[in-house]
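Pasting in a structure now, in structure tokens, and then I'll have a few things to ask.
Bear in mind the structure is a predicted one, so any value in this text is a computation, not a measurement. Just so we're on the same page: letters track the sequence lines, and every chain starts at 1.
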Amino acid sequence: MKNYWLMKSEPGAYSIDDLEKDTVTFWDGVRNFQARNFMRDTMQQGDLVLFYHSNAKPPGVAGIAKVVKTGYPDSTALDKKNKHFDPKSSKEKPIWYMVDIAFVKKLKRLISLDELKKNPDLKNMILLKRSRLSVQPVTKQEFEAIIAMESL
DNA sequence: GCCAACGTTGGC
DNA sequence: GCCAACGTTGGC
């Protein structure tokens with residue numbers, strides 16, 4: 001069964017436009033266990049992802065991506081020079097995982113956090129309750145409600 | 001740039 | 001295993 005997700009990125013670091021240019025990217029640098037578990041254990045090929053711009057003006061959903069490669073060890077955790085280096089991780093026992101996602105489309109307009117908050121169908125969204133989780137599941141209903149807002 | 005929220009670390 | 005200190009996220 002297909003799952004739906006929301007993944008956050010600061011557009012200054014990596015935006016939906018960067019993904020459009022690259023077509024595919026690996027989602028490295030996640031150093032939160034819950035987010036890690038979702039990527040390692042639950043994400044499936046073909047799952048759709050809401051690409052969310054955090055720390056942006058305004059923050060909101062900017063586009064759609066899809067999972068093209070399921071969880072595999074995040075090599076940046078092993079690279080001393082990388083800012084995501086984690087000395088506790090090793091090749092034999094990787095702690096951190098990443099997935100590959102591909103560009104699907106950019107929304108015709110950014111659907112801002114403010115609008116998401118105002119939509120009663122989204123009141124249970126994790127995004128609105130637990131602000132700090134960078135990879136999070138979204139229900140099919142929530143996903144579709146957000147897509148429907150694109151043409152409002 | 002501030003700071004609240006909150007996940008993680010480490011001393012005990 | 002508790003919890004204070006610390007670091008990071010992310011909205012404003």
Side-chain angles (χ1 to χ4, degrees), chain A residues 3-22 25-43 47-67 70-101 103-139 141-150 152:
Chain A
N3 306 299
Y4 297 88
W5 306 95
L6 180 144
M7 292 167 92
K8 294 180 188 171
S9 182
E10 300 193 18
Y14 198 85
S15 72
I16 189 72
D17 294 311
D18 293 320
L19 181 60
E20 180 171 24
K21 191 155 39 103
D22 294 345
T25 193
F26 46 88
W27 205 260
D28 66 319
V30 170
R31 297 293 179 266
N32 170 285
F33 288 107
Q34 220 181 339
R36 188 274 317 262
N37 292 346
F38 287 132
M39 293 203 293
R40 188 188 59 184
D41 305 333
T42 320
M43 273 195 188
D47 284 357
L48 291 174
V49 176
L50 295 167
F51 195 106
Y52 181 89
H53 282 175
S54 63
N55 246 318
K57 288 185 273 184
V61 176
I64 312 290
K66 72 174 174 204
V67 177
T70 55
Y72 62 103
D74 181 345
S75 53
T76 65
L78 306 176
D79 178 1
K80 280 198 177 64
K81 294 189 293 293
N82 193 285
K83 71 167 179 168
H84 300 299
F85 174 68
D86 182 351
K88 291 193 290 301
S89 195
S90 67
K91 203 168 182 183
E92 294 71 32
K93 287 193 173 175
I95 298 175
W96 304 110
Y97 285 73
M98 57 188 180
V99 296
D100 287 357
I101 63 168
F103 179 79
V104 173
K105 68 171 196 164
K106 190 175 169 179
L107 295 184
K108 289 197 279 294
R109 64 190 193 86
L110 183 107
I111 299 165
S112 70
L113 177 61
D114 203 44
E115 287 179 79
L116 299 177
K117 283 181 185 164
K118 285 178 184 155
N119 187 334
D121 294 337
L122 303 176
K123 64 176 190 300
N124 293 319
M125 266 191 90
I126 294 170
L127 179 72
L128 306 181
K129 298 189 152 181
R130 295 253 322 279
S131 61
R132 294 193 49 194
L133 190 60
S134 65
V135 175
Q136 54 183 262
V138 170
T139 66
Q141 289 74 20
E142 289 163 351
F143 186 90
E144 284 166 1
I146 291 168
I147 299 305
M149 293 168 78
E150 183 185 11
L152 289 183

Touch class at under 4.0 angstrom, heavy-atom based, for A/Asn32 against every strand present: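 Contact class for A/Asn32: sugar-phosphate only.
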d(NZ, A/Lys117; C1', C/dG10) in whole Å: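 The answer, rounded to whole Å, is 11 Å.
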Any donor-acceptor N or O pair under 3.5 Å, side chains A/Tyr97, A/Asp41: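 Note: A/Tyr97 and A/Asp41 side chains miss the donor-acceptor criterion.
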Distance-only donor-acceptor check, side chains A/Thr76 and A/Arg31, under 3.5 Å: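 Yes, a side-chain donor-acceptor pair sits under 3.5 Å.
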Candidate nucleotides B/dT9, C/dG11, C/dG7, ranked by approach to the side chain of A/Arg132 - the nearest: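 Closest nucleotide to the A/Arg132 side chain: C/dG7.
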Distance, rounded to the nearest Å, where A/Leu133 contributes CG and B/dC6 contributes C1':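 Roughly 11 Å, once rounded to whole Å.
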Separation of atom CD in A/Gln34 from atom C1' in B/dA5, rounded to whole Å: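 Atom CD in A/Gln34 sits about 15 Å away from atom C1' in B/dA5.
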Any A/Val67 side-chain heavy atom under 4.5 Å of A/Asp100 side chain: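 No, every pair of side-chain atoms sits at 4.5 Å or beyond.
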Presence of A/Lys8 side-chain N/O under 4.0 Å of C/dG10 phosphate oxygens OP1/OP2: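 Affirmative; the distance criterion is met.
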Heavy-atom donor-acceptor pair, A/Arg31 side-chain to C/dT8 base, under 3.5 Å: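 When only heavy-atom distances are counted, A/Arg31 does not reach the base of C/dT8 through any donor-acceptor pair under 3.5 Å.
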Nucleotide of B/dT8, C/dG10, C/dG11 approaching A/Ser134 most closely (side-chain heavy atoms):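 The listed nucleotide nearest to A/Ser134's side chain is C/dG10.
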Separation of C/dT8 C1' from A/Lys83 NZ (nearest whole Å):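 Result: 11 Å.
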DNA chain B: 5'-proximal contact among A/Lys88 and A/Asn55 (nearest heavy atom):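 The residue closer to the strand's 5' end, by nearest nucleotide, is A/Asn55.
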Check: A/Asp114/A/Ser112 side-chain N/O donor and acceptor closer than 3.5 Å: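 No - no donor-acceptor pair under 3.5 Å links their side chains.
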Whole-Å gap separating C1' (B/dA5) and CG (A/Leu128):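 Rounded to whole Å, this separation is 15 Å.
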Gap between atoms CE and C1', on A/Met7 and C/dT9 respectively (whole Å):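 Atom CE in A/Met7 sits about 16 Å away from atom C1' in C/dT9.
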Modelled atom types, side-chain donor and acceptor of A/Asp22 and A/Tyr14, under 3.5 Å: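 There is such a pair between these side chains.
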Value in whole Å for how far the P atom of C/dG7 lies from CG of A/Asp86: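 These atoms are roughly 16 Å apart.
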Touch class at under 4.0 angstrom, heavy-atom based, for A/Lys57 against every strand present: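 No contact.
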Nucleotide nearest A/Tyr52 when distance is taken to its side chain, options C/dG11, B/dT9, C/dG10: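 Within the option list, the nearest is C/dG11.
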Interatomic distance where CD belongs to A/Glu10 and P belongs to B/dG1 [whole Å]: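 Going from A/Glu10 (CD) to B/dG1 (P), I get 14 Å.
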